[in-house]
Amino acid sequence: MKYDFTAIEKKWQQKWKEANAFHAVTGDATRPKFYGMVEFPYPSGNGLHVGHARPYTAMDVVARKKRMDGYNVLFPIGFDAFGLPTENFAIKNHIHPAIVTERNIKTFTSQLEMLGYSFDWDRVVDTTDPGYYKWTQWIFLQLFKHGLAYKTSMPVNWCTSCKCVLANEEVVNGVCERCGSEVVRKEKSQWMLKITEYAQKLIDGLDSVDYIDRVKTQQKNWIGRSTGAEVNFQTTEGDVLTVYTTRCDTLFGATYMVIAPEHAYVEKWKDKLTNYDEVAAYVRKAASKSDFERTELAKEKTGVRLEGVRAVNPVNGKEIPIFISDYVLATYGTGAIMAVPAHDTRDFEFAQVFGLPIIQVVASADGALVDLSKEAFTDVATGVMVNSGFITGLSVEEAKAAMIEYLEKNNIGHAKVNYKLRDWVFSRQRYWGEPIPIVKCDKCGYVALPESELPLLLPDVESYETTDDGESPLSAMTDWVNTTCPCCGGPAKRETDTMPQWAGSSWYFLRYMDPKNPDALASKEALDYWGQVDWYNGGMEHTTLHLLYSRFWNNFLHDIGVVPYAEPYYKRTSHGMILGEGGEKMSKSRGNVVNPNDIIDEYGADTMRTYIMFIGDFAKAAAWSSKAVAGCKRFLDRVWNLQEQCGQDDAYSPANEAAIHKAIKKVNEDIEAMKFNTAIATLMALTNDFYANGCTKGDVKALITMLSPVAPHLCEEMWENLGYAAEGMICQQKWPEYDESKTVAATVEVAIQVSGKLRASIQAPAEIDDAGVVALAMEDNRIQKQSEGKNLVKQIVVRGKDKKIKLVNLIFQ
RNA sequence: GCCGGUGUGAUGGAAUGGUAGACGUGACGGACUCAAAAUCCGUUGGUGGCGACACCGGGCGACACCGUGUGGGUUCGAGUCCCACCACCGGCACCA
C-alpha cells in the first residue's frame, strides 16, 4: 500500500472539520481546561513562512497531546491585520486595505489548514473587524477615563520614509525597525499611554508567572528599576536644583553638576547667564541631533559651563559649577545630575575634558586610596568611604542608608525609585489602524466618544497616504472630522490619528474566549472559565513590545474589574529562528527562503511537521536541511510500512514491551518540556526496534498513538487501516499508559568502572543486589587485570530512576 | 561597557554529576537488481601497538591511551558543578 500523503491529508482535514474535533467548549466542568496559544500572524502578502510553522506546529503538538490527556483545549488562531505593509501595498496598487487583508487572510487560512493544525476555527479573530476593534476602542476609552491615556506635545521618533511616529521600541540602532530609514526627532502632539504607572506591577507580576528566564530578565532590564535618592542642591540664584542619584554615598565627592540641554532652568536662568549665547547654541545643536548621533557618534563628552550660576553641595557647603551636556538625558530622573568623577565613568570622562577636580570618597576594601589617573573607581561591593565626613569608614551600602537618613532628616532629599521605562507613544498618523475614539472640543477639551457610539468605523478615504505635513490621511476627510461635542453639543473635531499595530494584539487572547460577543469584550462566564492563557509561545523579539504591552493592558483591565487575572499568560516559552540551508537568515535577497507549500507538495504536511520539530533544540536557531527533510519522510515511510508486516496480536510483543513502556514515558515528558526533537528520536528508535524484532499490531498501535500529535494525518489513516475506527479517531484517543515496572528487561547491562574509568560492561539479572553485582564484576577478567595485586578499598553502586543498577565504580589500592 | 546565552564527530544535534556522541544527515561496505533508483542489513570520534586469519591486495578480534573552546579546581566519577580566560550569538546601551 502506497503512502499517498496528499490524499490522506486532505481526507483527514475534512474529517476533523466534519466532526468539529477541535472545538473548545466554554464552561465544560467535566474536564480540566487548557488554553494554549501561539502569536497570531500578520497576514502579509508573502503568505505563511516556515518561521511560523515551528511555533505553530509545536503548540499544535502540545494541544493535541493535551486533548489526549483529557483536557478541554482552547487552541485558537487569528489575524493581526492592521499595519503598514498592507497599507503600503494598498497605496501602491490603489486597492482598499480591507480587500488586501481579506485576500491575505484567505491565503493564510488555507496554508494553516494544509498543515493540519488543530485550531478551533470557530474562534478566529481579525483585529480589523469592526466587531473586534470596537473593543480595542472600548479599552482605550477605559484607559482614557482612568487617566492613563493623555495627549501631549513631545519630541517623537519620526521615520523620514514611513512619515510616521515610531515608539522607542520600534527604533533599532537609530533607524526604523521596518524600513531601515533614518529616524529623527520631531515635536508632535501625540496620544500616550501611561505604562510607566504600571512599571512596578509589571516587575512584580513576573514572580507569579512561569516565563523562561531570558524573557523575565529582558523585561526587567527594559523596565530598568533603580533605587537611589533625589537630592536638592541650592544654587547661588536661590533656586533648588534637584538631582537623582543611585550613589548618594558619594555626595562628598560631587565636584560639579550637569543638567540636560532641555532642562527648564536653562531658560529660567537666561538673564543670569553671562555666556547665554554659547549655551543657547549648544542647546540648539543638541536638539537637532537625532538620537543616533547623540549616542553612537558622540563618544567624546561635550558641554558648556553655565557662567553666572553655581550650586552648593548640601553636605559640605562647597560651591560647585553647573554645566549643560547632552550626556544627561532630560527624560530620566530629574534631567539633572550631581557629578562624581572619581566614581562614575561618564563623569570621569567629562571631568578629564574640562579639567575638573576629582575627589576620591571611596577607597578599596583595606581603606587604601586607589589610582584615579586613568579611570573612575566604581566597585561598590568592597569599597569603604573616605573623605566623607559622617559616613567615613562605612561600606558603600551602609553609607547609602546613612546618607538617605541624613537627607530626609535635614529635608534636603529622600529615597527614590526610578524606571527606564517610558510612556507608550500610542498615535500613528496612518490610515490602516483603529480610529482613536476621541473628539476635541474647544470648550471641553478632549472628550471620549460615548461607548454606545462604538465602534467608531474607519471611514473610506480617497487617498491612504500621510499628508505632506505628516498628518493622518483621515485629517483630509473634513466631513468625518467635523462633528459635535458629546459633552456640550458644540462643534468639535475628531481625532485623526489611529492606534499602533500593538493595540489589537494587546488583548486578543481575551477575545478568543468569546469571539463573537457583541456586548462585552468577552462574557464574564468565558473569562472566568478560561482564565489565564496556560501556555503562550512566541518570539523573543516581542519580549519588550507586545508581551509587555499586553501584560500592561491586562493588568489594567484586572484593576478595573473586567478580567479575573492580573497576569494574562501563565507560561511563556520562546522558539529559535529557522535559518536558511547555509545557516544564514532566510531572505528573498539570499534566495534561501523555504516555502512551506513546496515541502507539503513534495513530502506532505506530516513530513513538514515532523522535520520542523526534529530540526533541533526548540529554543535555539536551526538551519534548514533538505536532506534531513527527506530523512523524516523516510521515517514516516518506515512507520507506514509497519502496518503490512506487523502481526495481528493486540498485545505488545515481549521483545518490544520494555521499549514501548519507556517510550511512552519519555515522549510524554519530552512534549511537556518542548523537547520535540528527542521525542521524535525516541519514536524513530522504537521503529528501528520494530524492524529488528518484528512487531504486533498492538506495538504499532502504541507507536502511532504517540506519533499522532506530530504526524496526525498519517496516524489517523493507519489507525483506520488497522481496524480501530470503531474506537473513534486517533486524535480522540487517550495517551497510552506506561508501567514503570515494565520499562526494565529481565537482565540489565551494568557498566563497571575502576577509579571512574569504564573497564567493562556486564549483563546482570535486573533484581541483583549491590554485593551480588560487585561479586559478578570481580569475576570479569578485565576487572581482574585491573585489580591484580591490589585490594578493593571502595565501591560505589549507582542506580537509575527505575532503581535498577546502572553502574559500579570500584576503587583498588 | 552592562545583562543573558552558546561552544560536543564530517554535519544537525543527544546525554537527572554516573557507559560521551542517542536519533537524523552524509560517507563507506553488503543484499536485492541486467543496471540504477528506492528499500533492507551493517560500519562510521582520533591515535597506538598487539593477536590471529590471510598473505602482492585485505578485512577480523580483543586491548590501551587520548577526546565535549582553553587553563585550573571540587569529586570515587565532570560535557554537566566552581574559579579564571578565549570565541561567537542575542538584548540593552551616556538611564546617573
Side-chain angles (χ1 to χ4, degrees), chain A residues 172-173 212-222 224-226 228 243-248 250 254 258 260 294-296 298-299 301 325-329 331-340 343-347 349-350 378 418-422 540-541 543-544 576-577 583 610-611 614-617 619-632 634-635 637-638 641 669 675 677-688 691-692 749-761 781-782 785 793-801 806-811:
Chain A
V172 178
N173 293 326
I212 52 172
D213 288 342
R214 284 193 296 162
V215 171
K216 281 194 185 183
T217 39
Q218 248 183 62
Q219 288 209 341
K220 277 185 192 158
N221 290 344
W222 184 260
R225 180 191 153 103
S226 81
V243 301
Y244 173 70
T245 179
T246 54
R247 293 296 307 276
C248 63
T250 62
V258 187
R294 232 168 122 159
T295 56
E296 296 293 309
K299 292 270 189 277
K301 294 276 180 290
S325 172
D326 62 7
Y327 87 89
V328 171
L329 308 174
T331 49
Y332 185 76
T334 61
I337 62 158
M338 64 175 208
V340 184
H343 305 292
D344 182 277
T345 324
R346 297 146 305 180
D347 296 346
E349 286 168 16
F350 190 85
T378 55
N418 259 319
Y419 302 91
K420 284 198 249 184
L421 189 68
R422 299 273 74 93
M540 278 309 287
E541 70 274 20
T543 302
T544 53
M577 228 196 308
T610 305
Y611 174 63
F614 186 63
I615 193 166
D617 185 333
K620 288 189 203 153
W624 188 265
S625 158
S626 44
K627 283 279 173 47
V629 178
C632 287
R634 216 155 20 231
F635 163 58
D637 281 332
R638 279 162 68 79
N641 291 332
E669 290 166 354
K675 291 162 83 173
N677 54 338
T678 51
I680 293 168
T682 303
L683 296 176
M684 285 174 168
L686 191 62
T687 305
N688 292 343
Y691 272 87
E749 194 176 273
V750 180
I752 310 298
Q753 296 182 336
V754 176
S755 297
K757 258 194 159 82
L758 182 72
R759 294 297 175 184
S761 186
N781 54 8
R782 288 163 293 194
K785 216 155 86 190
V793 295
K794 190 166 182 182
Q795 61 196 56
I796 294 124
V797 178
V798 181
R799 290 170 181 270
K801 264 186 286 192
K806 276 173 76 180
L807 176 143
V808 176
N809 191 11
L810 304 170
I811 317 297

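Source: prediction; values computed, not measured. Lettering of chains follows the sequences in order, A, B, ..., and the numbering in each one begins at 1.
Across all strands shown, A:E749 has heavy atoms under 4.0 Å from base atoms, whether or not it also approaches the sugar-phosphate. At the heavy-atom level, A:K675 lies under 4.0 Å from the strands shown only through sugar-phosphate atoms. At a threshold of 4.0 angstrom between heavy atoms, the contacts of A:N221 are confined to the sugar-phosphate backbone, with no base atom among them. Looking at heavy-atom distances under 4.0 Å, A:A621 makes contact with sugar-phosphate atoms alone, never a base. Using a 4.0 Å heavy-atom distance criterion, A:T345 is classed as making no nucleic acid contact. Residue A:N418 is classed as having no contact, given no heavy-atom separation below 4.0 Å to the nucleic acid.
Nearest nucleotide to the side chain of A:I796, out of B:G18, B:U19, B:G24: B:G18. Checked against B:A96, B:C40, B:G24, the side chain of A:R638 finds its nearest nucleotide in B:C40. If you check B:U25, B:A96, B:C65 against the side chain of A:R634, the one that comes closest is B:U25. The A:I811 side chain lies nearest to B:C76 when the options are B:C76, B:C65, B:G13. In this structure, of B:A22, B:A96, B:C76, it is B:A22 that holds the atom nearest to the side chain of A:A681. Across B:C94, B:A22, B:G24, the shortest atom-to-atom separation from the side chain of A:K301 is found for B:C94. The side chain of A:N677 has B:G13 as its nearest neighbour among B:G13, B:C3, B:A15. Checking B:A96, B:C66, B:C92 against the side-chain heavy atoms of A:K757 singles out B:C66 as nearest. You'll find that the side chain of A:R782 is closest to B:C63, out of B:G13, B:G18, B:C63. Nearest nucleotide to the side chain of A:Q218, out of B:C76, B:G91, B:A22: B:G91.
A:Q753 contributes a side-chain N or O that forms a donor-acceptor pair with the base of B:G18 under 3.5 Å. Side-chain atoms of A:K220 and base atoms of B:C3 include no donor and acceptor less than 3.5 Å apart.
Annotation: B:C2 and B:A15 have their C1' atoms spaced 34 Å apart (nearest Å). Spacing between B:G21 and B:G26 at atom C1', rounded to whole Å, works out to 16 Å. Taking atom P in both B:G67 and B:A78, the straight-line distance is 11 Å, to the nearest Å. Here the separation of B:G12 from B:A27, taken at their C1' atoms, is 16 Å to the nearest Å.
The aromatic rings of A:Y327 and A:F350 are tilted relative to each other, their planes meeting at an angle between 30° and 60°.
Annotation: the span from A:N677 atom CG to A:T610 atom OG1 amounts to 13.0 Å, rounded to 0.5 Å.
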Working note: A:R782 + A:V754, criterion side-chain contact (heavy atoms from CB on, under 4.5 Å); need CA distance, chi angles, decisive distance, verdict.
CA-CA 10 Å; A:R782 288 163 293 194; A:V754 176; over 6 Å; no

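As rounded to whole Å, 14 Å separates atom P of B:G4 from atom CZ of A:R214. Taking atom CZ on A:R759 and atom P on B:G77, their separation rounds to 14 Å, with Å as the unit.
With the nearest nucleotide of RNA chain B identified for both A:L807 and A:N641, A:L807 has the one nearer the 5' end.
A:K794 has no side-chain polar atom (N or O) that falls below the 4.0 Å cut-off from OP1 or OP2 of B:G77.
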